[in-house]
S.K.: 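One structure follows; several queries about it will come next.
Here is how names work: the chains are called A, B, and so on, in the same order as the sequence lines, proteins then strands, and each is numbered from 1.
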Amino acid sequence: MAAVDDLQFEEFGNAATSLTANPDATTVNIEDPGETPKHQPGSPRGSGREEDDELLGNDDSDKTELLAGQKKSSPFWTFEYYQTFFDVDTYQVFDRIKGSLLPIPGKNFVRLYIRSNPDLYGPFWICATLVFAIAISGNLSNFLIHLGEKTYHYVPEFRKVSIAATIIYAYAWLVPLALWGFLMWRNSKVMNIVSYSFLEIVCVYGYSLFIYIPTAILWIIPQKAVRWILVMIALGISGSLLTMTFWPAVREDNRRVALATIVTIVLLHMLLSVGCLAYFFDAPEMDHLPTTTATPNQTVAAAKSS
Amino acid sequence: MAEAEESPGDPGTASPRPLMRDLKAVGKKFMHVLYPRKSNTLLRDWDLWGPLILCVTLALMLQRDSADSEKDGGPQFAEVFVIVWFGAVTITLNSKLLGGNISFFQSLCVLGYCILPLTVAMLICRLVLLADPGPVNFMVRLFVVIVMFAWSIVASTAFLADSQPPNRRALAVYPVFLFYFVISWMILTFTPQ
């Protein structure tokens, strides 16, 4: 138990004597709030690195986490349980979106913005908007690319909405699930200072997809270079958001495992954006050239042969 | 139906009065949507007949005349139905989860009735499409759809916005915007064979 030196209060002189009399007595140490709940980011006194304070949030995040443990007390079959995941105001959602668009090095998105109040509103409606943004922009872009062609008949391509919805929602739920499972497994082997709940990971992934909404709209521009620059910018922003969020969670681990995790996260993100670009948006300018250059050659060859 | 003072349980009397009364109630709500004022009629006497009629009409009008409508890429009848009802249910759940004090069926009723301007837009678009195709044709349809879209949003917000606390109003209204935007897109991109 605690050493006798720690309990040297002036008024309670007999505490020390009672402890020496009965060393097995349980004592309540109310000085240090850093040891109790399991989602504790860790006592700032324990590690000497100052950047931990910024990454892990300031001190009242401890209190909000203790209170958050008491918040979700309704059983999961009641409506009130699910209402706790929608307990956000308009300005909070805007703040989280702004935080996802401007990832500042050293600021952890989860600690700074989510602060133990993960919401499902943001991820769900950002994914819904993204599904329709991709489907509609893809349709518009194909229409504009094929506009002059005689053989092109416009179709709304409604099937693609369901495909887009499956892809986006699967990514937004299954990848966080896999990542959470992986982090829990590593946590059992290596003591990590930072650990995230499943909903916090879903929240980060949902908000990190927000940048793709303006990107999808700008993908209507039928220039290959522009589209790839947009892919790079979007991947840079959301990739750095995810990296800065998950690096503290794997930092304590084996070096190669940590790097492999971060690389996988970014790689999956890139796969999503490049895959959506390739599937929903036809390649620009490639379809025009063969049809316009083939016919003069054919007429010249026909003239020569006759 | 919301009120059931007269029970039609007696098999001998097949009176037309409840039908006329219901039709009049539906018609009255149509008027309330077309001229949105701060009244409680839509909320107090909710019914789902109006939304059903509107949804079926819209889905039928979005069908094409061609035999192989599968290749066409437009929404099938069932798809329109699913989008309208699934979308309305999702918005209602979202509104309730955010802490709104509107009942489930009242919200469905409002959202369904406010499709009326867009159904009118679909009708106008089908008539306009009988003329020659071209950019002018498209511009007219675009204008009509935009006006009706704005009308739907204004009508539904007039009824739904009061049920949310003011610090979450935008969060509850945005999905309504997305819902009517998707329906407007389906109407605008309708191309007959």
Side-chain angles (χ1 to χ4, degrees), chain A residues 74 78-97 117 119-144 146-148 152-165 169 210 213 217 280, chain B residues 59 62-64 66 68-80 82-83 86-87 90-101 103-104 133 135 138 161 164-193:
Chain A
S74 315
T78 58
F79 194 68
E80 284 73 30
Y81 176 74
Y82 297 102
Q83 267 186 323
T84 57
F85 303 138
F86 282 76
D87 194 15
V88 278
D89 292 337
T90 309
Y91 78 92
Q92 281 177 315
V93 173
F94 280 153
D95 273 346
R96 291 175 187 192
I97 291 179
N117 185 20
D119 69 301
L120 286 180
Y121 177 91
F124 183 79
W125 288 108
I126 290 177
C127 287
T129 312
L130 185 60
V131 164
F132 289 112
I134 287 186
I136 292 179
S137 303
N139 196 233
L140 258 180
S141 143
N142 293 351
F143 171 70
L144 289 174
H146 298 289
L147 191 48
Y152 177 70
H153 177 71
Y154 170 74
V155 287
E157 290 177 320
F158 208 71
R159 291 283 167 284
K160 297 211 163 168
V161 173
S162 8
I163 298 175
Y169 275 101
F210 180 82
I213 296 177
I217 296 176
F280 291 100
Chain B
L62 277 170
Q63 294 306 296
R64 283 152 180 75
S66 67
D68 53 346
S69 57
E70 303 248 327
K71 275 196 314 186
D72 233 340
Q76 303 286 316
F77 183 89
E79 282 175 339
V80 177
V82 161
I83 284 193
F86 188 65
T90 309
I91 296 176
T92 306
L93 277 179
N94 176 68
S95 172
K96 287 191 76 69
L97 282 167
L98 282 172
N101 58 358
S103 97
F104 185 76
F138 177 72
Q164 283 289 336
N167 54 341
R168 296 185 181 180
R169 205 157 278 170
L171 296 184
V173 167
Y174 170 72
V176 177
F177 172 87
L178 187 63
F179 176 63
Y180 289 127
F181 182 80
V182 170
I183 297 184
S184 311
W185 175 257
M186 286 198 298
I187 293 176
L188 189 61
T189 60
F190 172 78
T191 47
Q193 267 307 65

S.K.: Between CZ of B:Arg168 and CD of A:Gln92, what distance do you get to the nearest 0.5 Å?
M.R.: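 The distance works out to 8.0 Å.
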S.K.: Give, as side chain, backbone, both or neither, the part of A:Phe132 having an atom under 4.5 angstrom from any heavy atom of chain B.
M.R.: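 A:Phe132 touches chain B through side-chain heavy atoms alone.
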S.K.: Which bit of B:Ile83 is near chain A, if near means a heavy-atom gap under 4.5 Å: side chain, backbone, both or neither?
M.R.: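 Only the side chain of B:Ile83 comes within 4.5 Å of chain A.
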S.K.: Given heavy-atom pairs under 4.5 angstrom as the criterion, report whether the side chain, backbone, both or neither of B:Phe190 touches chain A.
M.R.: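 Neither part.
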S.K.: Among A:Thr129, A:Val161, A:Ile136, who wins on heavy-atom pairs under 4.5 Å with chain B?
M.R.: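 Counting heavy-atom pairs under 4.5 Å, the top option is A:Ile136.
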S.K.: I'd like to check the ring-ring contact (aromatic ring centres under 6.0 Å, His included) partners of A:Tyr169; sequence neighbours left out, ordered by chain and number.
M.R.: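 ring-ring contact (aromatic ring centres under 6.0 Å, His included) list for A:Tyr169, sorted by chain: A:Phe124.
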S.K.: Please report the shortest heavy-atom distance between B:Lys96 and A:Gln83, naming the atom on each side.
M.R.: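 That would be O-NE2, 3.1 Å.
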S.K.: Do A:Leu140 and B:Trp185 come close enough that some side-chain heavy atom pair is under 4.5 Å?
M.R.: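 In contact.
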S.K.: Indicate the atoms forming the closest heavy-atom contact of A:Tyr121 with B:Pro175, along with that distance.
M.R.: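 Looking at all heavy atoms of both residues, the shortest contact is OH-CD, 4.0 Å.
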S.K.: Atom CZ of residue position A:Phe79 - does it have more than 12 heavy atoms of other residues, nucleotides or ligands inside 6.0 Å?
M.R.: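 More than 12 within 6.0 Å, yes.
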S.K.: In Å, rounded to the nearest 0.5 Å, how long is the span from CZ of A:Phe143 to OG1 of B:Thr189?
M.R.: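 So the gap between those two atoms works out to 11.0 Å.
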S.K.: For A:Asn139, is it the side chain, the backbone, both or neither that has a heavy atom under 4.5 Å from a heavy atom of chain B?
M.R.: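 Only the side chain of A:Asn139 comes within 4.5 Å of chain B.
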S.K.: Side chain to side chain contact (heavy atoms under 4.5 Å, CB included) between A:Phe86 and B:Asn94: does it pass, once the steps are laid out?
M.R.: CA-CA 8 Å; A:Phe86 282 76; B:Asn94 176 68; 3.7 Å; yes
S.K.: Please enumerate all residues that pass salt bridge (charged side-chain N to carboxylate O under 4.0 Å, His left out) together with B:Arg169, with sequence neighbours excluded.
M.R.: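 For B:Arg169 there are no salt bridge (charged side-chain N to carboxylate O under 4.0 Å, His left out) partners, ignoring immediate neighbours.
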S.K.: Using non-hydrogen atoms and a 4.5 Å limit, figure out which bit of B:Leu171 sits close to chain A: side chain, backbone, both or neither.
M.R.: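 Answer is both: backbone and side chain atoms of B:Leu171 are under 4.5 Å from chain A.
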S.K.: Output the distance between atom CG (B:Leu97) and atom CG (A:Asp87), rounded to the nearest 0.5 Å.
M.R.: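 So the gap between those two atoms works out to 11.0 Å.
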S.K.: Can you tell me if CZ on B:Phe77 sees more than 12 non-hydrogen neighbours from other groups inside 6.0 Å?
M.R.: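 Check passes, neighbour count above 12.
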S.K.: Would you give the length of the straight line joining atom CE of B:Met186 to atom CZ of A:Phe158, rounded to the nearest 0.5 angstrom?
M.R.: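 One finds 5.0 Å between CE of B:Met186 and CZ of A:Phe158.
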S.K.: So which atom in A:Val88 and which in B:Leu98 form the shortest heavy-atom distance, rounded to 0.1 Å?
M.R.: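 What the structure gives for the nearest pair is O-CD2, 4.4 Å.
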